[in-house]
Amino acid sequence: MGRRSSTVIFWLTTALVISSNASPILGSSKSDLLDLLNSNLKSLPSGLKSLFLPEALLPFSPGSSSRCKVYPGDKNWPSDEAWNKLNELTGDRLLSKPEPQGSICYPGAHFDAAKCANITAVWSRSYTHMDDPIEMFTPVAQGMTCMPPNVFDSGNCTRGGFPLYVLNATKPEHVQLGVNFARNTGVRLVVKNTGHDFLGKSGGQDALSIWTHWFKDIDYIENYVDKRLGYSGPAFKAGVGVQAFEIYKAAREKLKVVVGGEGETVGIFGGYIQGGGHSPLSSLYGTGADQVLAYEVVTADGEFVTASSTSNPDLFWAMRGGGGSTFGVATSVVVKAHPEMPTTASRFTFTSANIGNETFWAGIRSYVDYFVPNADAGTYAYFTLIPNVYTGIFTFNMSPFFAPGKSLNETKALLQPWFTRLNDLGIHFDPNITHFDSFYDAWRSSFPLEVVEKVNATTGSRMFPRANFQTEKKREELYQNLRQSSESNRVQVHFNIKAVDPANADNAVNSAWRSNILFAQQAVRWPVNATAAEILRIRKEFQTGDMQRWRDISPGSGGYLAEADRLEPNFGQAFWGNKYPRLLLLKKKWDPKNVFYAVTSVGSEGWRVESVDGLPNENGKLCRVA
Ligand SMILES: Cc1cc2nc3c(=O)[nH]c(=O)nc-3n(C[C@H](O)[C@H](O)[C@H](O)COP(=O)(O)OP(=O)(O)OC[C@H]3O[C@@H](n4cnc5c(N)ncnc54)[C@H](O)[C@@H]3O)c2cc1C
Ligand SMILES: *[C@@H]1O[C@H](CO)[C@@H](O)[C@H](O)[C@H]1NC(C)=O
Ligand SMILES: *[C@@H]1O[C@H](CO)[C@@H](O)[C@H](O)[C@H]1NC(C)=O
Ligand SMILES: *[C@@H]1O[C@H](CO)[C@@H](O)[C@H](O)[C@H]1NC(C)=O
Ligand SMILES: *[C@@H]1O[C@H](CO)[C@@H](O)[C@H](O)[C@H]1NC(C)=O
Ligand SMILES: *[C@@H]1O[C@H](CO)[C@@H](O)[C@H](O)[C@H]1NC(C)=O
Ligand SMILES: *[C@@H]1O[C@H](CO)[C@@H](O)[C@H](O)[C@H]1NC(C)=O
Ligand SMILES: *[C@@H]1O[C@H](CO)[C@@H](O)[C@H](O)[C@H]1NC(C)=O
Ligand SMILES: *[C@@H]1O[C@H](CO)[C@@H](O)[C@H](O)[C@H]1NC(C)=O
């Protein structure tokens, strides 16, 4: 025992020297892990010391070849004492079995009918869930357990795909302790920020979750210089828990904008930015990941490192587009800031109700002719095509057409040719075209707060490249395929954007984004009372049917990893294109023991959640694929 702890202290001192290398990030953060371990290790029971050490200090090589991750009931499941020590070392930041929010609706200690009625009324709002330690916005991926019965009757309140322990992390050393504990014990690790991911990648049954939501610092850097990246200009260094509404406001105060998503509550410095990220500003500045100048990251071995053009450049490459929960847990990010700009936005809607199907669809067909010029003009259009099987009516909703940097006149001039064609067809509507002094005001006024927590739908996505619009024949083909999806009752959500990166960043962003003109989503729905077997059949038919049609007409293109279906076939090619082989090598280098996993993430092919109902969700053990 004496010999072993002196070895540990020896290792500790060497590591101290190694990790004190100055970070090139301005205002760089530091980790107190080694101080913390040095002052606490002695008092830990000898059997527990090793659970908290970074890999470099371990007297053994962690990782096991057991088929599944370690779960309650397994002989290697950590003792209560071990969990308690994790809690103590992190300064009381370990939440044990946080209750699902729906538990107030079910018999038991938490039942409260009045509170249940309240939360049921606002269940589909992201604000209801975003500060919750476990809630994911996709109950379908969680396993549909413990839902408020008036939203979906789960029958009882079980934890399903929710994690068992949550580290409410606010400092790098909290993240390091969580990563070390998961790696050294073999329990499943998940990383959750807000829970927005369409595939439910922030959950996992009986896992330890590192919750990054409260990394909320925002620092403005007036002049950030990175010669290798060719950038010299303003930037923000932000904690990874900062959300769109927070950074947009902070940027506005400095008369700046940053590239982020349209959705108010998206964790744009978490899963969004690591996975690429499309934005109302993408037609001007590229994807979210293209803006990254540096990250601070806790890696799978438990080290706290900088990933930038000069420090761990391969990790930096991978984490700009390679996806979250794969190479490490970021704790901060430095992103470019661009000048604030006046913006014009427009919302309008028309339906097939009074004009009939053929006229309605002729209107949609005419729009397809303007996707290329509109994206090339630097604009962004977010529109939906909603079928209603009961009434047979189709609805087109532009919400909004967004023209950053454009005057009212310029925007009107851009839209007029299409509007004239619509009017000539007999489609009349009332476009509200409004000019705003700032991107911020335009964004706040123009976007809807989207409905989350859908109980009977899954979305698939496809990027339609420029090639789909280059000839009359190709535009007609694309239009026919969109129409067919509406006619088979798919809800469609579209983004007419391009994501060319003007700075030409070399990163892991899906190569398909670079030629994108229409980023298209369609959702399949099933009856709320469908059985698991029926749901699986419907979801598979969606992939072999409507999604396959979209893939067939866009060969070599892809889908977007954060807004996609868990059943997307050949996801490596789809989500990363020609970047995938290098990403697989980097996964092996930075996380050889698969400490990190998320469904459809780089290198996830070797693992599968064995869900209790056989559906693609997190309600089951994570095991190796035989
Ligand atoms: C209402 C709504 C609007 C949206 N709008 C847009 C949009 O305009 N543009 C767009 O591109 N996308 C949009 N999305 C999709 C969004 O980008 C993804 O859901 C994204 O995954 C959200 O990231 P998050 O960190 O908030 O979510 P989470 O679900 O918490 O995390 C997503 C993934 O990233 C991982 N992760 C999160 N933080 C870290 C970290 N610090 N280090 C390592 N891994 C991490 C998680 O483990 C998980 O795998 C929208 C989604 C919703 C629900
Ligand atoms: C329910 O919501 C109402 C109004 O939003 C509020 O006044 C009331 O206190 C809430 N009740 C509970 C039990 O939370
Ligand atoms: C909860 O309900 C589900 C679905 O009805 C059922 O399969 C499961 O056995 C129940 N679990 C408990 C603990 O009652
Ligand atoms: C998580 O930590 C943040 C920041 O310290 C705190 O505000 C929040 O209440 C914590 N959440 C829970 C559920 O403990
Ligand atoms: C329009 O098409 C839908 C779906 O194909 C159909 O249900 C509806 O009856 C059609 N409406 C008219 C007016 O023909
Ligand atoms: C906008 O166009 C109208 C009509 O063409 C013109 O009268 C007006 O001066 C223009 N306004 C600006 C700000 O360019
Ligand atoms: C047009 O949109 C603006 C901004 O969203 C709004 O303030 C205004 O009331 C709208 N005008 C009409 C006539 O709806
Ligand atoms: C899906 O669920 C919603 C309620 O959440 C319901 O309105 C809708 O009809 C359901 N769709 C189908 C096809 O059952
Ligand atoms: C679901 O509900 C519909 C309508 O209420 C009914 O026709 C159908 O049989 C139900 N299906 C199942 C699997 O219970």
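Numbering of ligands and ligand atoms starts at 1, following listing order. Here, residue 1 is the first one in the sequence, and each next residue gets the next number.
Side-chain N or O atoms of D591 include one that pairs as donor or acceptor with a backbone N or O of F596 at under 3.5 Å. A side-chain donor-acceptor contact under 3.5 Å links Y295 to the backbone of M319. Here the side chain of R551 pairs no donor or acceptor atom with the backbone of R549 at under 3.5 angstrom.
Using a 3.5 Å distance cut-off with no hydrogens or angles, the side chains of Q101 and H129 do pair a donor with an acceptor. There is a side-chain donor-acceptor pair under 3.5 Å between S485 and Q522.
Between N156 and ligand 3, at least one pair of N/O atoms sits closer than 3.5 Å. Geometrically, ligand 4 and N168 share a nitrogen or oxygen pair separated by less than 3.5 Å.
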- Evaluate ring-ring contact (aromatic ring centres under 6.0 Å, His included) for Y248 paired with Y440, printing each intermediate quantity in order. CA-CA 7 Å; Y248 291 169; Y440 184 68; 7.5 Å; no
Tell me which donor-acceptor pairs under 3.5 Å the side chains of residues 142-153 have, and how far apart each pair is, sequence neighbours excluded?
unit_1	atom_1	unit_2	atom_2	d
Q142	OE1	M144	N	2.9
Q142	OE1	T145	N	3.0
Q142	NE2	T145	OG1	2.8
Q142	NE2	R159	O	3.2
T145	OG1	T158	O	2.8
D153	OD1	G155	N	3.0

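Heavy-atom proximity to L95, at under 4.0 Å, picks out these atoms of ligand 4: 13 (C), 14 (O). Less than 4.0 angstrom separates some heavy atom of R93 from each of these atoms of ligand 4: 1 (C), 2 (O), 3 (C), 4 (C), 5 (O).
Every protein residue with a heavy atom nearer than 4.0 Å to ligand 8 is included here: V455, N456, W526, P527, V528.
Note on ring orientation: taking the six-membered ring where Trp is involved, the planes of F383 and H494 are parallel (angle under 30°, cut-offs 30° and 60°).
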